[in-house]
There are 2 protein chains.
Amino acid sequence: MPEKVATRQHAVKGGGRACDAYSALIDQVGRLADVVEAIGNGIARPTGQSLARWQVLAEVEHEAAPVGAIACRLGHTRQAVQRVADLLVEDELACYRPNPAHRRAKLLDVTPTGRAALHRMQAAYTQLALRTTEGLDPERLNLARQTLSELQRRLESELP
Amino acid sequence: MPEKVATRQHAVKGGGRACDAYSALIDQVGRLADVVEAIGNGIARPTGQSLARWQVLAEVEHEAAPVGAIACRLGHTRQAVQRVADLLVEDELACYRPNPAHRRAKLLDVTPTGRAALHRMQAAYTQLALRTTEGLDPERLNLARQTLSELQRRLESELP
DNA sequence: TCGGGCATGGCAACATGTTGTCATGTTGCG
DNA sequence: CGCAACATGACAACATGTTGCCATGCCCGA
């Protein structure tokens with residue numbers, strides 16, 4: 001997000017074009033991510049859910065899993081997922097089952113109610129995806145994805 | 001973010017490739033945005049700041065502005081920016097100045113201390129941008145940006 | 001000039017996520 | 001087996017952002 005920050009008035013003197021294009025792209029990524037989040041919440045809201053809950057629920061759609069594993073797959077902390085999972089259980093969209101392998105690490109599982117909610121949201125998502133990609137060149141989308149992937153790789157190597 | 005959700009097990013039957021490529025791209029956007037945020041916070045931390053504060057501070061680097069205007073430019077709510085601005089003032093990186101045009105809407109302005117912090121962060125950002133874009137084709141970055149921009153346009157038209 | 005509409009700021013509740021700490025199960029190795 | 005690492009869950013504090021509400025300052029038109 002530093003984009004707006006360092007970009008606008010800091011055209012990199014000696015860096016040349018790639019650097020400017022980079023800042024603009026990072027900027028765009030941030031904006032799109034915001035919109036995507038809003039869209040996701042918009043899809044989940046009619047079902048009384050949110051993007052965060054949807055994501056957690058979806059992770060156990062096909063197989064119950066302990067909270068820690070879900071957190072790992074989603075790239076969040078255990079605690080963040082634990083809180084959301086507890087809320088899902090409270091709303092009876094999911095439930096905890098005993099884990100034969102670990103007494104402490106209960107398995108989060110979807111309930112029929114949860115599955116119904118999930119299907120409603122996934123249907124809405126698919127419809128939106130179809131509308132959104134209408135007339136778009138798949139190759140262009142793939143190229144963009146590869147570009148972003150390369151940036152992610154490079155940036156991750158800069159992280160602690 | 002619904003990507004992981006609706007994508008993996010929901011290969012859109014009649015939608016064809018664009019739809020799958022779309023889901024994968026949206027997924028990638030989310031992951032990159034997370035990394036960018038982490039990188040931004042990493043750059044700000046040594047200065048005792050954070051990405052949120054940096055962004056607000058940067059918005060008034062060249063001209064003091066009322067909180068509402070900053071919020072608008074950043075695409076956040078007044079309240080969110082107000083809280084951060086108050087923290088910046090508390091830390092003496094910024095200060096409120098009387099607004100000749102509006103007695104209530106004080107102008108947020110950078111202090112010399114704030115300007116120094118800003119410059120340190122911007123320098124780090126620029127260095128990182130140079131490293132990250134090394135050997136990348138600017139045209140490819142621009143193409144990706146345009147693709148994301150198009151998606152943003154389409155998705156925004158689906159918002160309330 | 002008065003009054004309504006709008007912008008602004010302050011407050012509170014909430015959602016989401018992180019970091020840190022602690023106690024307690026689990027596991028695996030000597 | 002027993003103990004030291006490790007995983008897990010529970011709690012608390014904090015950061016960031018949203019929504020809703022209310023009071024007050026500002027502007028413009030009747």
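Below, chain A is the first sequence line, B the second, and so on; all start at residue 1.
- Taking every side-chain heavy atom of B:R78 into account, C:dG9 is the closest of C:dT26, D:dT16, C:dG9.
- Rounded to an integer number of Å, the gap from B:E90 CD to D:dC14 P is 12 Å.
- There is no side-chain donor-acceptor pair under 3.5 Å between B:E59 and B:Q55.
- Set against C:dG10, D:dG9, C:dT26, the side chain of B:Q82 has C:dG10 as its closest nucleotide.
- The side chain of B:A105 lies closest to C:dG9 when the candidates are C:dT18, D:dT16, C:dG9.
- The minimum heavy-atom distance linking B:W54 with B:G40 is given by the pair CZ3-O, 3.9 Å.
- With rounding to whole Å, A:D86 atom CG is found 15 Å from C:dA15 atom C1'.
- Atom CD of A:Q49 is separated from atom P of C:dA15 by 12 Å (rounded to the nearest Å).
- Between B:R103 and the phosphate of D:dC26, there is a side-chain N or O to OP1/OP2 separation shorter than 4.0 Å.
- Taking only side-chain atoms of B:R83, from C-beta outward, the nucleotide of C:dT16, D:dT16, D:dT18 with the closest atom is D:dT16.
- B:E134 has no carboxylate O lying under 4.0 Å from a charged side-chain N of B:R131, or vice versa, which leaves the two without a salt bridge.
- The distance between atom CG of B:L51 and atom P of C:dT18, rounded to the nearest whole Å, is 15 Å.
- Between B:E150 and B:R154 there is a salt bridge, since at least one side-chain N of the basic residue sits less than 4.0 Å from a carboxylate O of the acidic one.
- Each of A:R104 and B:P66 has a nearest nucleotide on DNA chain C; the 5'-most of these lies closest to B:P66.
- The phosphate of C:dA15 has neither OP1 nor OP2 within less than 4.0 Å of any side-chain N or O from A:S50.
- What separates NE2 of B:H76 from P of C:dA15 is a distance of 20 Å, to the nearest Å.
- Straight-line distance from the CD1 atom of B:I70 to the P atom of D:dT16: 15 Å, rounded to whole Å.
- The residue among A:A52 and B:G68 whose nearest nucleotide of DNA chain C lies closer to the 5′ end is B:G68.
- Spacing between atom CG of B:N41 and atom C1' of D:dT16 amounts to 10 Å, rounded to whole angstrom units.
- Rounding to whole angstrom units, CD of residue B:Q55 and C1' of D:dT16 are separated by 11 Å.
- Distance from the side chain of A:A80 is smallest for C:dT18 among the nucleotides C:dT18, C:dG10, D:dT8.
- Between D:dG17 and B:T77, no contact under 4.0 Å exists linking OP1 or OP2 to a side-chain N or O.
- Within 4.0 Å of A:A38, counting heavy atoms only, lies no atom of the nucleic acid at all.
- In the set D:dG20, D:dA10, C:dT8, the nucleotide with an atom closest to the side chain of B:Q79 is D:dG20.
- The backbone N or O of B:E92 sits less than 3.5 Å from a side-chain atom of B:T111, completing a donor-acceptor pair.
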